[in-house]
Amino acid sequence: MPAAPHALAAQEGERQRIARELHDEIGQSLTVVLLGLKRVVDRAPADLKEDLHGVQETVRASLDEVRQVARRLRPGVLEDLGLHSALSALTADLSRMSGIPVTRHLQPDHPALGPDVELVLYRIAQESLTNIARHARATRAELSLVTEDGRLVLRITDDGRGGALRDGAGIRGMRERALLIGARLTVDSPPGEGTRVSLVIPQDRRTDP
């Protein structure tokens, strides 16, 4: 197996393993805790029920967060429904969780892509949107996937605070993934003017190496 697909496969394999552990072990443990709490609430005196209900909701919210993390680690929608649906789901998740509206423009007739290329597109979009939700202080964002001058271009922009001048672990990871498929990643983030992430895939790198 060539180096780039092998590296991607290794990264995804580790993500799959962590996702299974989150879902099967931590998720199941939290489910058991919820069931135990329900039995306690049913037998608790009235003056304790309200406090116990609050604990139940905290555990339930934690279980939902674990499931969301597991889904992000294991993008089944990418395999099941394709790249466009996966990207649409990412933008919908960002809007729902952060309240930031995301406009998306997904060209319907882009050329066929290899699975490794689709995976890199998905992961870079995912990391960019996560950064917007966590750090950007944005009021709106946009994701587009279009063909320009024979090249496939993914862009994620926001109107947040900008100023991402130093590459953190997330941006470094995106750059490494881009290099694995021979694509070019740029991050433009002037202070106070939002952030623009662009991934450009040349025509000859759209299928797997």
Side-chain angles (χ1 to χ4, degrees), residues 8 11-12 15 19 61 64-78 81-110 113 116-149 151-202 205-206:
L8 284 174
Q11 291 174 1
E12 289 304 311
R15 285 174 176 262
D64 288 342
E65 289 176 2
V66 166
R67 288 171 174 166
Q68 289 173 10
V69 170
R71 282 196 298 269
R72 290 197 294 270
L73 286 169
R74 184 171 53 190
V77 67
L78 184 59
L81 300 179
L83 181 62
H84 279 198
S85 294
L87 293 176
S88 296
L90 280 178
T91 58
D93 285 346
L94 175 71
S95 295
R96 184 177 66 253
M97 291 187 298
S98 68
I100 301 170
V102 183
T103 302
R104 60 180 177 265
H105 177 208
L106 304 175
Q107 182 178 319
D109 57 348
H110 66 69
L113 304 172
D116 286 342
V117 175
E118 288 195 347
L119 184 58
V120 168
L121 282 164
Y122 178 87
R123 289 301 189 196
I124 288 177
Q126 183 182 49
E127 181 66 30
S128 298
L129 292 170
T130 299
N131 286 341
I132 292 171
R134 290 178 177 173
H135 308 300
R137 300 179 186 173
T139 62
R140 64 180 183 275
E142 181 175 348
L143 180 148
S144 66
L145 180 64
V146 297
T147 302
E148 298 177 356
D149 300 324
R151 302 171 301 174
L152 187 65
V153 182
L154 172 72
R155 288 194 184 92
I156 304 98
T157 62
D158 67 72
D159 67 345
R161 60 180 178 172
L165 301 179
R166 298 178 61 184
D167 286 3
I171 294 178
R172 286 197 303 271
M174 289 194 292
R175 293 194 190 283
E176 290 170 1
R177 285 181 174 274
L179 288 173
L180 287 173
I181 62 167
R184 179 170 56 88
L185 181 85
T186 58
V187 180
D188 185 25
S189 187
E193 298 182 28
T195 299
R196 176 188 177 104
V197 176
S198 298
L199 178 72
V200 179
I201 302 174
R205 302 309 296 265
R206 290 177 186 162

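We're numbering straight along the sequence, starting at 1. All values derive from a computational prediction rather than experimental measurement.
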On a heavy-atom basis, which atom in P101 and which in T139 lie closest, and how many Å separate them? CD-O, 3.2 Å
Could you state the interatomic distance from CE (M174) to CG (L179), rounded to the nearest 0.5 Å? 12.5 Å
To the nearest 0.5 Å, atom CD1 of I181 lies from atom CD1 of I124 at 6.5 Å
How would you list, by chain and number, every residue that makes a side-chain contact (heavy atoms from CB on, under 4.5 Å) with T91, sequence neighbours excluded? V102, R104, L129, L143
Close side-chain approach of L180 to E176, heavy-atom, < 4.5 Å: no
For a quick test of reading the model, state the closest non-hydrogen atom pair linking G182 to P202 and the distance between them. O-CD, 3.6 Å
Please round to the nearest 0.5 Å and tell me the distance separating atom OG of S189 and atom NE2 of H135. 11.5 Å
So, using side-chain contact (heavy atoms from CB on, under 4.5 Å) as the criterion, who are the partners of V200 when residues are at least two apart? R151, V153, R184
For residues 82-105, which residue pairs qualify under ring-ring contact (aromatic ring centres under 6.0 Å, His included), counting only residues two or more places apart or in two chains? H84-H110
I132 CD1 to S98 OG distance, which is reported to the nearest 0.5 Å: 8.5 Å
Rounded distance [0.5 Å steps], CG in L199 versus CZ in R177: 11.5 Å
Is any side-chain heavy atom of R175 closer than 4.5 Å to one of V187? yes
Are any of the side-chain heavy atoms of R155 and E142 separated by less than 4.5 Å? no
Does T147 use its side chain to pair, donor to acceptor, with the backbone of L152 at less than 3.5 Å? no
Could you grab the distance from atom CD of E193 to atom CG of D159, nearest 0.5 Å is fine? 11.5 Å
Heavy-atom closest contact (D158 atom, A138 atom, distance): CB-CB, 3.9 Å
Are any non-hydrogen side-chain atoms of I201 and L121 less than 4.5 angstrom apart? yes
